[in-house]
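Here is the structure we will look at, set down as structure tokens.
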There are 2 protein chains.
Amino acid sequence: MMAHPDGGDIGGPRNYLRPCLLLLLAEGTSHGYELLEQLADLGLGRTDPGGLYRCLRAMDEEGLVRSAWEPSTSGPARRVYELTDEGREWLHVLAGSVADLARSLATYGRRYRLVAEQRDPIR
Amino acid sequence: MMAHPDGGDIGGPRNYLRPCLLLLLAEGTSHGYELLEQLADLGLGRTDPGGLYRCLRAMDEEGLVRSAWEPSTSGPARRVYELTDEGREWLHVLAGSVADLARSLATYGRRYRLVAEQRDPIR
DNA sequence: CGGGCTATGTGTATGTTGCACCTACGGCGC
DNA sequence: GCGCCGTAGGTGCAACATACACATAGCCCG
């Protein structure tokens, strides 16, 4: 099909970073650099560190996570994040949004398959 | 749960308008104003007309759709859009992206349910 | 010491989206 | 005729989220 003038591919949902980080932190406390790697498993390949750290700090200020510096024997100190009760509540809310979106995309998929079959009937 | 300082809810995927319009046009030729209403069924409630018309014109210039003015006996003329072969090819590509995203969201859902069950075991 | 890996950050451009607003046609009531 | 509503298409701009580029710093190893 070959690269086309525009690169117009769809991206992830807007504001998806927050729900992802909250989920990862619900699975266990962690620090920025590690979360960066773990995000890949959720579909966010090569996320930029800048946005990640900014997001974590914003959630810290909002009380969704708690952070503490943990010195490392090998390498620089890390700021480890832990989910708060408030953060856990938000996770539930956001997971609901994610589920809603998933349903919309499923609808898209169903309707797409209909128009695709029409051209290329069941073989 | 009560409104929280931030309104941080997730939104639809970025660049989702294009795949939606291509799908709707694959289901049948239509014009902007009508597409606006049809978009609601795909999860895009209250989309702004500005962006819609801009998107349609962009796709027209790129050759993904063809347009023609159709006079109306009652009301202003409408520009009706029809999907081109090239547009149909793009629909296939974009529908693939949508499916990929849907899979990512499903993964999110599975992992979320795990951490949710942990706190609130099967009753 | 210099370079590479870990780790955390800042500054700013870029791009999509959303809001506000404008034009124009036809039909209806007055 | 005139104002108003619904239909239909469109522009300009600001807000926002993200992407890119770069800066800092500790530790280890050759």
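Numbered from 1 within each chain, the chains take letters A, B, ... in sequence-line order. Heavy-atom basis, side chains included; hydrogens, waters and symmetry copies ignored.
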Query raised in the report: Atom CH2 of A:Trp69 to atom P of D:dG26: distance rounded to whole Å?
Result: 11 Å
Query raised in the report: Expressed in angstrom and rounded to an integer, what is the separation of A:Leu36 atom CG from D:dA19 atom P?
Result: 12 Å
Requested in this report: Examine D:dA17: is either OP1 or OP2 under 4.0 Å from a nitrogen or oxygen in the side chain of A:Arg14? Give yes or no.
Outcome: no
Query raised in the report: If you find the nucleotide of DNA chain D closest to A:Asn15 and the one closest to A:Ala77, which residue's nucleotide is nearer the 5' end?
Result: A:Asn15
Report summary line: In whole angstroms, the gap separating P of C:dT16 from CG of B:Leu17 amounts to 12 Å
Requested in this report: Respond yes when some side-chain nitrogen or oxygen of A:Arg46 is under 4.0 Å from OP1 or OP2 of D:dC20, and no when none is.
Outcome: no
Requested in this report: State which of D:dA19, D:dA8, C:dT8 makes the closest approach to the side chain of A:Arg54.
Outcome: D:dA19
Report task. Report which part of the nucleic acid B:Thr73 touches: base, sugar-phosphate, or nothing (heavy-atom distance under 4.0 Å, all strands). Result -> sugar-phosphate
Query raised in the report: Think B:Arg57 has a side-chain N or O under 4.0 angstrom from the OP1 or OP2 of D:dT11?
Result: yes
**Report entry** Euclidean distance, atom OH of residue B:Tyr16 to atom P of D:dA17 [Å, nearest integer]
**Finding:** 21 Å
Requested in this report: Quickly work out the B:Tyr33 OH to D:dG9 P distance and round it to whole Å.
Outcome: 10 Å
Query - Candidate nucleotides C:dT8, D:dT7, D:dG9, ranked by approach to the side chain of B:Pro76 - the nearest - result: D:dT7
**Report entry** 4.5 Å side-chain heavy-atom contact, A:Leu22 and A:Arg88
**Finding:** no
Report task. Could you tell me whether A:Gly32 contacts a base, only the sugar-phosphate backbone, or nothing, with contacts defined as non-hydrogen atoms closer than 4.0 Å? Result -> sugar-phosphate
Query raised in the report: Are any side-chain N or O atoms of B:Thr29 and backbone N or O atoms of B:Tyr81, one a donor and one an acceptor, separated by less than 3.5 Å?
Result: no
Query raised in the report: With the threshold set at 4.0 Å, does a side-chain nitrogen-carboxylate oxygen contact exist between B:Arg18 and B:Glu62?
Result: yes
Query - Cationic N near anionic O, under 4.0 Å, B:Asp60 to B:Arg57 - result: no
Query raised in the report: Would a 4.5 Å heavy-atom cut-off, applied to side chains only, mark A:Leu25 and A:Leu64 as touching?
Result: no
Query raised in the report: Where do B:Glu70 and B:Arg79 land on the salt bridge (Lys or Arg N to Asp or Glu O under 4.0 Å) test, with the steps shown first?
Result: CA-CA 6 Å; B:Glu70 186 181 72; B:Arg79 185 175 251 188; over 6 Å; no
Report task. Ignoring backbone atoms, test whether B:Tyr53 places a side-chain nitrogen or oxygen under 4.0 Å from the OP1 or OP2 oxygen of D:dG10. Result -> no
Query raised in the report: What is the nucleic acid contact for A:Gly11, judged by heavy atoms within less than 4.0 Å: base, sugar-phosphate only, or nothing?
Result: nothing
Report task. Just compare D:dC27, D:dT7, C:dT8 and give me whichever is closest to any side-chain atom of A:Ser74. Result -> D:dC27
Query raised in the report: Within this structure, what is the CG-to-C1' distance between B:Leu44 and C:dT16, rounded to whole angstrom?
Result: 13 Å
Report summary line: From CD of A:Glu34 across to P of C:dA7 the rounded distance in Å is 8 Å
Requested in this report: Would you mind classifying the nucleic acid contact of B:Thr47 as base, sugar-phosphate or nothing, using non-hydrogen atoms under 4.0 angstrom?
Outcome: nothing
**Report entry** Side-chain N or O of A:Arg79 closer than 4.0 Å to phosphate OP1/OP2 of C:dG9
**Finding:** yes
**Report entry** Candidates D:dC20, D:dG12, D:dG9 - which lies nearest the side chain of A:Asp48
**Finding:** D:dC20
Query raised in the report: Atom NE2 of B:His31 and atom C1' of D:dG10: how far apart are they, to the nearest Å?
Result: 16 Å
